[in-house]
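Notes follow once the structure below has been shown.
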Amino acid sequence: MVKHLSETSLNIILSLFNKVWESGKLPADWKHGIIVPIAKPGKDHTQPNNYRPIALTSNLCKLMERMVMSRLVHIIEKKNLFSPYQSGFRKGRSTMDSVLCLEAEIRKAQVNKEVLVGVFFDVEKAYDMMWKEGLLIKLERMEIKGRMYNWIKNFLFKRTIQVRVGSALSQIYPVENGTPQGSVSSPVLFNLMIDDIFTQIDMGIGRSLYADDGALWKRGRNMGHVEKCMQNAVKKVENWASEWGFCFSVAKTQVICFTKRKINPIMNIKMYGQKLEQVSVIRFLGMWMDSKLDFRIHIQKIVDKGKKAINVMRCLAGVEWGACRQSLKRIYCALIRANIDYGSMVYSSASKTQLLKIEAIQSQALRICCGAIRSSPIAAVQVEMDEMPQEIRRLKLKMRYWINIKGHLDSHPVKKVLKDCWEYEYKKLSSFGWTANEEAQNMGISDINIAPSVATSAIPPWLFPMPVVDIQLYEEKHNQERSMLTNIAVQQYIEQTYYSILQIYTDGSKDPESGITAAAVYIPQFKVKISKRISDHISVYTTETIAIFLALQWIEEVQPIRSVICTDSLSVLNSLLSGISTARQDIIFEVMQSLFRIRQSGLMVNFLWVPSHMGVEGNEEADHLAKQALRHAQIDIKVSMSKAEVKGLIANEIRKKWQKEWDSGTKGRHFHHVQEKVGQERRKFGNRKEDVLMSRMRIGHCLLNQCLYRMGKHETGKCDKCGHAESVEHVLIECVAYEGARFQLIQALGSFGINNLSLQVLLGNSPKQSRIFHELIIFLKETRLINRI
């Protein structure tokens, strides 16, 4: 609703926000929450404790919270106020950061024949019982003062709630402690409050923090020494909690001892004078880790969840009825593959026997999606459904995570896992720390210069000027009523609207085969031509952005009073308007900083979208210059690659690896004759019966005699008509008993311009596939083979 308000209404809201920001006083309605209790599934609904309270607060307040928190997070990240081991609710960080650090330490302990003792803390009502005054003390220590401090202080205090059940509302109650439930700012504020929980812990103890999920661990051979160190650490955490108003749950705080020994040592670690429970299996940030770290339990959990989802899929589709393959694949991706993917780079160190259980779950799900019978080779089913084998997918996810880590600062905890150590040479394991760097080198991405995973600007983003962007030509071109936009009309618009303004044309280019890229700037009035070859394999979006940045650099140097930068990249202009780019935030920041300096100098720069390849003289010349720069012998501007761009390289290498396995494999050779290339899912017919029919014929496993013979349900597997092996090839191309029907099929295909009758034509993935398949259905019906497929 807010997005669709008029400019006048938005200015009123902006004035309200500025008044609140200047005064540091929020409206009372913004600090009031409506609590709606939602029943927890599988619990006794007569008990109040079995309901989850959901707080509904003002949407306008949430909007301002996002604006305020974006400023606060910028300050925190720029000054590195968060501890390196804090991974919760931080951009570019994930739960895997903490899990991988712990897993690497456990593996090193196993190599050294040591024991690793871990303590996993549980904070009682962490958000609800947070000490507000304590948070303000920490904000002052971090030198977060002024309007930011006043706004947070007023936001936290004098809050009220009401409970709503149906249409009935309870009395209004004040909220004394805690961050507001359902608030945008609560995660950031809570992180600030709990961030120093482990600062007093000795350096020899490993630590991890994801919001309120904290863990400490230490490894060694001397059990007495390890236990003493962990007890001292727990005592210090206990003292910190007492100082800052937190309380740990003794019942939920657990101890585990990771070891390869047959007899697990008994630990006696206490908190608040009570012995902590020692367990043999711990669930840490969604990963089930047992004392021997073989991931049997975690993989079994994945299998159990997968079986439930497979039962759902079986209820949704049969052979001749039910959901289409596209819908079933979406269900597979959401309910099964998502669980398999989570933590795959961690549990990939499990034994092959355990990992095969996951392959089996994938096989069952994909067979249901395409309707393949149980004897169908899984390699063929994977290619048919465009779903790569689990081993290759695990490698893909591992390399994508590796790229993300390479873009972080050296203080990132997983960076230490990737550093060389003697354990990696002493014993070869399949754990992330042992294999990630080597696999990256094999892919050819180990030496790539990676852009920062979390880009920060030297100038605070809220000081950036709002770019003036003209997309009138785009709107006219895509207007359904008057879409007749010619190059003459474009040229007239530019000359009339910007006749007294310096026109600068920019463009980027990329050779899709070699990956060579370039950017160019053309200024007709001064006959200035700038063309630069850029680093290889970056995206077209990046080349267009760099071209605009080169134009801004020229403006800073020459300083024309007014200028307009003309580009055909709408995506870059949208990024400049919003100040946000999911692809290249670092370069957008550079552009905005340059624009800030230009505005400070009293110069004016506009941006104009112009259509490409419509004969606009300046745009065509910039395009020509960019293509010329592709032939430069050397790179003129070295640009680091973003995560998204490197992910493209990883995807290509993974596809090559899958293709190599598909070409060299021994299973599914019938389907290999039909489809040689992987990563090309065939078109969908939308009808379950027809989709199943097509998939079975392409894979080559159906209810014809040859397949029945393999399953032990036919004596010879030969054709009842001619005595040869009855396969799909035999029925469609060879058997003399079906010559009449086949002649009609050939005639029908001939009318489509298809004269070569082959499996690739009949069962391939050509643009004419729907018409070919229609004639194939007629052939199968006339020969009465449709039910046997």
Side-chain angles (χ1 to χ4, degrees), residues 84-88 93-121 204-210 213-220 226 230 254-261 264 279-302 339-352 354-355 358 394-395 397-402 404-405 408 412-424 426-440:
Y85 50 81
Q86 171 61 277
S87 299
R93 303 292 289 268
S94 70
T95 55
M96 287 300 105
D97 299 341
S98 301
V99 176
L100 279 170
C101 289
L102 175 58
E103 189 260 353
E105 285 297 303
I106 297 171
R107 294 300 183 198
K108 289 177 182 178
Q110 291 175 345
V111 170
N112 288 316
K113 297 181 180 179
E114 296 174 333
V115 169
L116 185 141
V117 177
V119 178
F120 298 84
F121 297 92
I205 296 177
R207 64 206 72 190
S208 159
L209 194 59
Y210 191 91
D213 286 320
L216 294 175
W217 60 81
K218 183 172 179 59
R219 60 186 175 98
V226 172
M230 291 303 297
Q254 297 175 324
V255 178
I256 187 172
C257 185
F258 295 97
T259 177
K260 286 284 189 180
R261 299 176 185 177
N264 205 322
V279 295
S280 58
V281 179
I282 193 79
R283 190 186 186 198
F284 180 48
L285 298 176
M287 295 292 296
W288 292 90
M289 308 175 81
D290 58 285
S291 58
K292 297 189 183 300
L293 203 65
D294 54 17
F295 293 109
R296 290 175 183 269
I297 295 174
H298 183 78
I299 290 175
Q300 190 57 48
K301 295 283 185 182
I302 294 175
N339 285 324
I340 293 174
D341 287 351
Y342 182 76
S344 61
M345 70 276 295
V346 180
Y347 71 74
S348 60
S349 59
S351 65
K352 291 184 178 180
Q354 294 297 320
L355 295 176
I358 297 177
R394 283 194 294 271
L395 176 60
L397 296 175
K398 183 188 292 186
M399 290 297 97
R400 292 176 70 167
Y401 179 80
W402 182 87
N404 180 56
I405 297 301
H408 278 280
H412 194 288
V414 183
K415 287 266 190 169
K416 298 178 182 177
V417 175
L418 294 174
K419 288 182 179 178
D420 291 334
C421 63
W422 74 270
E423 287 95 347
Y424 295 164
Y426 180 72
K427 188 174 182 180
K428 295 296 181 183
L429 300 176
S430 55
S431 182
F432 180 83
W434 272 258
T435 61
N437 287 331
E438 184 180 351
E439 287 166 343

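Please read these numbers as outputs of a predicted model, since none were measured by experiment.
- Contact of the Arg394 side chain with the Leu355 side chain is registered, since non-hydrogen atoms from C-beta on lie closer than 4.5 Å.
- Taking each heavy atom of Leu216 and Met230 in turn, the nearest pair found is O-CE, 3.6 Å.
- In this structure the side chain of Asn112 reaches within 4.5 angstrom of the side chain of Arg219, judged on heavy atoms.
- For Lys415, the NZ atom is densely surrounded, since the number of other residues' heavy atoms within 6.0 Å is greater than 12.
- Atoms NZ and CD, on Lys416 and Glu105 in that order, are 9.5 Å from each other to the nearest 0.5 Å.
- Rounding to the nearest 0.5 Å places NZ of Lys260 at 12.5 Å from NZ of Lys113.
- Here Leu395 contributes atom CG and Trp402 contributes atom CH2; the two are 12.0 Å apart, rounded to the nearest 0.5 Å.
- Salt bridge Arg296/Asp294: present, at least one basic N to carboxylate O contact under 4.0 Å.
- Here the rule is side chain to side chain contact (heavy atoms under 4.5 Å, CB included) with Phe258, and of Asn264, Asp290, Leu116 only Leu116 fits it.
- When all heavy atoms are compared, the tightest approach of Val111 to Leu429 is CG2-CD1, 4.0 Å.
- For the pair Lys108 and Glu114, the minimum side-chain heavy-atom distance is 4.5 Å or more.
- At least one side-chain heavy atom of Val414 sits under 4.5 Å from a side-chain heavy atom of Ile405.
- Contact check for Pro413 versus Arg93: side-chain heavy atoms found under the 4.5 Å cut-off.
- Counting only heavy atoms from C-beta outward, the side chains of Cys101 and Tyr85 never approach each other to under 4.5 Å.
- Interatomic distance, CG of Asp97 versus CG of Asn404, reported as 7.5 Å (0.5 Å rounding).
- In this structure, Ser344 and Ile340 approach most closely via the heavy-atom pair CB-O, 3.7 Å.
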Working for side chain to side chain contact (heavy atoms under 4.5 Å, CB included), residues Thr95 and Phe284: CA-CA 9 Å; Thr95 55; Phe284 180 48; over 6 Å; no
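- In this structure, Lys428 places its NZ atom where more than 12 heavy-atom neighbours from other residues, nucleotides or ligands lie under 6.0 Å away.
- In this structure, Leu418 and Asn437 approach most closely via the heavy-atom pair O-ND2, 2.7 Å.
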Steps toward side chain to side chain contact (heavy atoms under 4.5 Å, CB included) verdict (Phe295, Gln354): CA-CA 8 Å; Phe295 293 109; Gln354 294 297 320; over 6 Å; no
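- Judged purely by atom type and a 3.5 angstrom limit, Lys218 has no side-chain atom pairing as donor or acceptor with the backbone of Val115.
- Under the 4.5 Å side-chain criterion, counting only non-hydrogen atoms from C-beta, Ser349 is not in contact with Trp434.
- Between Ser348 and Ser430, the shortest heavy-atom distance links the atoms O-OG, 3.8 Å.
- Taking the six-membered ring where tryptophan is involved, the planes of Tyr347 and His298 are tilted, since the angle between them lies from 30° to 60°.
- Here the OG-CD1 distance, from Ser291 to Ile106, works out to 10.0 Å after rounding to the nearest 0.5 Å.
- Interatomic distance, CG of Leu102 versus CG of Leu293, reported as 8.0 Å (0.5 Å rounding).
- Across every non-hydrogen atom of Val117 and Cys257, the tightest pair is CG2-SG, 4.2 Å.
- The residues Arg107 and Glu103 are annotated as salt-bridged, a charged nitrogen and a carboxylate oxygen being separated by less than 4.0 angstrom.
- Considering only heavy atoms from C-beta on, Tyr342 comes within 4.5 Å of Met287 through its side chain.
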